[in-house]
Protein chains: 2
Amino acid sequence: MTVNKNCIIRLSKYKNALAKLKALGFVKVFSDNLADAAGVASSLVRKDFSIFGITGNKKGGYLVDELIEKVNDILGKNDIQKVVIAGAGNIGSALMKYAGFEKEGLKVSAVFDSDPSKTDKNGPVPILPIDSMKDYIKQNKIRIGIICVPDVSASGVFDIMVSSGIKGVLNFAPVSLKTQEDIIVENVNLVGELESLIYFVNASKKMK
Amino acid sequence: MTVNKNCIIRLSKYKNALAKLKALGFVKVFSDNLADAAGVASSLVRKDFSIFGITGNKKGGYLVDELIEKVNDILGKNDIQKVVIAGAGNIGSALMKYAGFEKEGLKVSAVFDSDPSKTDKNGPVPILPIDSMKDYIKQNKIRIGIICVPDVSASGVFDIMVSSGIKGVLNFAPVSLKTQEDIIVENVNLVGELESLIYFVNASKKMK
DNA sequence: TAGATTGTTAATCGATTAACAATC
DNA sequence: TAGATTGTTAATCGATTAACAATC
């Protein structure tokens, strides 16, 4: 019924699949094809589309070009989306240079770190002192932030981001950020993901 | 009823909260406290525990020390868990050095890359040619693999991992790996997460 | 037309929450 | 005892799937 996170993640998968189909010269695509690509039922694909008013042809499926355009529009792919990263450690530095972001129009505008020795104003992506983050976010009207700082610093950094105008946060620190008002927080819990994987692998081993 | 991924992620969160409580000198903890920490209802905390046969006291909650021990046991924290990484690019290299893994007993045993110039047999974590991955996994009986290779190489690397004995895969490539048999795949879709964040931030902006 | 696909509604499934008896 | 918390069952909620009429 309503748009939820999974729905947008699916749109992103449809988009990836459509790009590949287009490259192969496909003109039309059926909900069944996209369902396979995303690993869901075809009725869900059609439902996703109906939420956004995307319609196909009763017989001939959907036109690839048209679909790409509409999905890109929904996902904001027609604009470059600027984000800032807090923390120039392993994860933060990796995301700063991550080709997957750039390819998708996700531009890391600046990285901030509390360690002054990491400052590098002239790199392709500037690394700046954390003290300057608030002003930077305000001046550049950034709305998306990525938190890659250690556990203990995360909620402090989060508060600064929120007070600077950030509206959405991708959080890699394994702490739950108490989210007031209309701020959206997505958590990427890498340790948790691995722990879960390990649990199920060990559990299935025991069953045998 | 049955153990699912969310349940294990919650156990991981309980574990983190319990470590902090213990450091503060707490002896007892109530399901309500852990519910707050994990952002769920207290009845779910009690249900999670009941699945694993963890019982408390009708009046006095749970003993912190006892709980830590039991949760650690469930999550396999009493053993060092070895993993391999395929791909020594930005993400792979970051995870190789990621302190969050080491702290939790997750040991990156080796990293593999197709680029011979990245080979480094003598580092704290060896970086080896991708051709040697299969033998390495077999010889060291590794069961968990992390895929950080580009999109197009992902399914090939996945097949090698599976044929070498890997049972669980954490996949950072934005492609769906067709998982046969009893192999568990967890996807970390960084671009998708950001796209979803951007969508909802933009959507809430429009509402105003 | 016959066959196939969309768009939408109803059914299902699973996870979380609420409620409450048991009991310390 | 009275009050509070556990352990468990029933209710709720939300997302996905199945089914099917409409129709090209």
Side-chain angles (χ1 to χ4, degrees), chain A residues 1-14 17-18 21 26-64 66-67 70-71 74 176 184 186-187 189 192 196 199-200, chain B residues 1-14 17-18 21 26-64 66-67 70-71 74 176 184 186-187 189 192 196 199-200:
Chain A
M1 183 109 60
T2 55
V3 184
N4 61 17
K5 182 186 159 188
N6 287 353
C7 175
I8 301 298
I9 301 272
R10 283 194 298 273
L11 283 186
S12 172
K13 289 182 184 171
Y14 302 154
L18 286 165
L21 289 175
F26 281 70
V27 173
K28 289 192 289 187
V29 64
F30 301 119
S31 59
D32 230 25
N33 304 136
L34 294 172
D36 285 345
V40 295
S42 64
S43 53
L44 187 53
V45 176
R46 298 194 296 276
K47 195 176 217 175
D48 285 339
F49 288 168
S50 85
I51 292 177
F52 296 103
I54 296 175
T55 58
N57 309 297
K58 285 280 178 190
K59 173 74 186 302
Y62 304 80
L63 292 174
V64 171
E66 210 176 294
L67 213 41
K70 285 180 178 169
V71 171
I74 295 164
S176 62
I184 303 158
E186 302 271 7
N187 296 294
N189 184 347
S196 145
Y199 173 82
F200 289 107
Chain B
M1 181 110 58
T2 55
V3 184
N4 60 15
K5 182 187 160 188
N6 287 353
C7 176
I8 301 298
I9 300 272
R10 284 195 299 273
L11 282 186
S12 173
K13 290 182 182 171
Y14 301 155
L18 285 166
L21 288 174
F26 281 69
V27 173
K28 288 191 290 189
V29 63
F30 300 120
S31 58
D32 231 24
N33 305 133
L34 294 173
D36 286 344
V40 295
S42 64
S43 53
L44 187 53
V45 176
R46 299 194 294 277
K47 196 176 216 175
D48 285 339
F49 288 169
S50 85
I51 291 176
F52 296 103
I54 296 175
T55 57
N57 310 299
K58 285 278 176 191
K59 176 74 185 301
Y62 304 80
L63 293 173
V64 171
E66 210 175 294
L67 213 43
K70 285 181 178 169
V71 171
I74 294 164
S176 62
I184 303 158
E186 302 271 8
N187 296 295
N189 184 347
S196 145
Y199 173 83
F200 288 107

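Numbered from 1 within each chain, the chains take letters A, B, ... in sequence-line order.
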Measure [atom1]/[X] against [atom2]/[N] and give the value in whole Å, please.
| X | N | atom1 | atom2 | value |
| --- | --- | --- | --- | --- |
| A/Leu44 | D/dT17 | CG | C1' | 8 Å |
| A/Asn33 | C/dA4 | CG | C1' | 13 Å |
| A/Asn57 | C/dT5 | CG | P | 13 Å |
| B/Phe52 | D/dG7 | CZ | C1' | 16 Å |
| B/Lys5 | C/dT16 | NZ | P | 12 Å |
| B/Ile54 | D/dT6 | CD1 | P | 13 Å |
| A/Lys47 | C/dT8 | NZ | C1' | 8 Å |
| A/Ile9 | D/dT16 | CD1 | C1' | 16 Å |

| remark: On DNA chain D, more 5' by nearest nucleotide between A/Cys7 and A/Arg46 is A/Cys7
| request: Report yes or no: does A/Asn33 contribute a side-chain atom to a donor-acceptor pair with the main-chain N or O of A/Phe30 at less than 3.5 Å? | output: yes
Looking for any heavy atom pair under 4.0 Å, which part of the strands does [X] touch: base, sugar-phosphate only, or nothing?
| X | result |
| --- | --- |
| A/Tyr62 | sugar-phosphate |
| A/Asp32 | nothing |
| A/Ser43 | base |
| A/Ser42 | nothing |

| task | For atom NZ of B/Lys70, decide whether the heavy atoms of other residues, nucleotides or ligands shown that lie under 6.0 angstrom number more than 12. | result | yes
| query | Is the CZ atom of A/Phe26 crowded by more than 12 outside heavy atoms at less than 6.0 Å? | reply | no
Taking OP1 and OP2 of [N], is either one under 4.0 Å from a side-chain nitrogen or oxygen of [X]?
| X | N | value |
| --- | --- | --- |
| A/Arg10 | D/dA15 | no |
| B/Asn6 | C/dT16 | yes |
| A/Ser31 | C/dT6 | yes |
| A/Asn4 | D/dA15 | yes |

| Step-by-step side-chain contact (heavy atoms from CB on, under 4.5 Å) determination, B/Lys13 to A/Ser176 | CA-CA 9 Å; B/Lys13 290 182 182 171; A/Ser176 62; over 6 Å; no
| query | A/Val3 versus B/Tyr199: any side-chain heavy-atom pair under 4.5 Å? | reply | yes
| said: Contact between A/Leu63 and A/Lys28 at the side-chain level, heavy atoms closer than 4.5 Å - yes or no? | reply: yes
| message | Taking the minimum atom-to-atom distance to the side chain of B/Lys58, which one of C/dT6, C/dT17, D/dT6 wins? | response | D/dT6
| Strand DNA chain C in bracket notation, Watson-Crick/G-U under 3.5 Å with | for pairs to another chain | ..||||||||||||||||||||||
| query | Do A/Arg46 and A/Ser50 get their side chains close enough for a donor-acceptor pair, meaning under 3.5 Å? | reply | no
| Pick one: which of B/Asp48, B/Ile9, B/Val29, B/Leu67 meets side chain to side chain contact (heavy atoms under 4.5 Å, CB included) with B/Tyr14? | B/Asp48
